[in-house]
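When a residue number appears, it is its place in the shown sequence, counting from 1.
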Amino acid sequence: MSDEELILNYDQKFWELVDDKGYSYRKARRILKKKYPSVYYDAQKDKWFINDHVYHLEADK
């Protein structure tokens with residue numbers, strides 16, 4: 001799986017947990033940390049990190 005696919009899968013699962021199951025952002029991140037240990041999103045900087053490499057994804061418009 002490419003890094004971009006990994007980020008998209010993580011993002012999709014995150015919003016499923018938050019929107020569909022009603023979890024808090026913090027709890028959703030904790031759950032996904034187990035499945036995606038190398039992926040991290042910094043909301044303040046709007047950057048994705050995979051194994052400490054920075055990735056910028058263009059927002060869909």
Side-chain angles (χ1 to χ4, degrees):
M1 186 179 296
S2 75
D3 290 340
E4 189 168 311
E5 288 173 327
L6 189 64
I7 288 172
L8 293 173
N9 283 345
Y10 178 96
D11 194 48
Q12 179 183 356
K13 298 260 190 249
F14 177 81
W15 289 111
E16 282 175 14
L17 290 172
V18 171
D19 292 337
D20 298 342
K21 297 192 177 175
Y23 290 151
S24 69
Y25 292 158
R26 195 169 165 196
K27 184 169 184 177
R29 277 193 209 102
R30 259 188 292 150
I31 290 168
L32 291 175
K33 190 74 175 164
K34 293 173 185 162
K35 189 169 183 181
Y36 301 97
S38 62
V39 179
Y40 174 73
Y41 176 68
D42 187 336
Q44 292 172 331
K45 296 178 184 173
D46 195 28
K47 293 180 183 172
W48 287 91
F49 297 90
I50 297 178
N51 295 324
D52 296 327
H53 290 73
V54 179
Y55 291 87
H56 299 275
L57 283 186
E58 296 298 320
D60 295 336
K61 293 186 180 179

Spatial distance of atom [atom1] ([X]) from atom [atom2] ([Y]) [nearest 0.5 Å]:
X   : Y   : atom1 : atom2 : result
Y36 : I7  : OH    : CD1   : 11.5 Å
D46 : Y41 : CG    : OH    : 3.5 Å
L32 : K34 : CG    : NZ    : 10.5 Å
I31 : L17 : CD1   : CG    : 5.0 Å
N9  : F14 : CG    : CZ    : 15.0 Å

Query - Non-hydrogen atoms of V39 and I50 that approach each other most closely - result: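 Distance-wise, the nearest heavy atoms are CG2-CG1, 4.3 Å.
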
Requested in this report: Please report the shortest heavy-atom distance between V18 and S24, naming the atom on each side.
Outcome: CG2-O, 4.3 Å

**Report entry** Passing candidate, ring-ring contact (aromatic ring centres under 6.0 Å, His included) with Y10, options Y55, W48, W15
**Finding:** W48

Requested in this report: In sequence, state the C-alpha distance, the side-chain angles, and the governing distance for E4 and L8, and then conclude on side chain to side chain contact (heavy atoms under 4.5 Å, CB included).
Outcome: CA-CA 6 Å; E4 189 168 311; L8 293 173; 4.3 Å; yes

Requested in this report: Kindly check if the number of other-residue, nucleotide or ligand heavy atoms within 6.0 Å of NZ (K27) is above 12?
Outcome: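 12 or below, so no.
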
Query raised in the report: Should we say atom CG of D20 is surrounded by more than 12 heavy atoms from elsewhere, each under 6.0 Å from it?
Result: yes

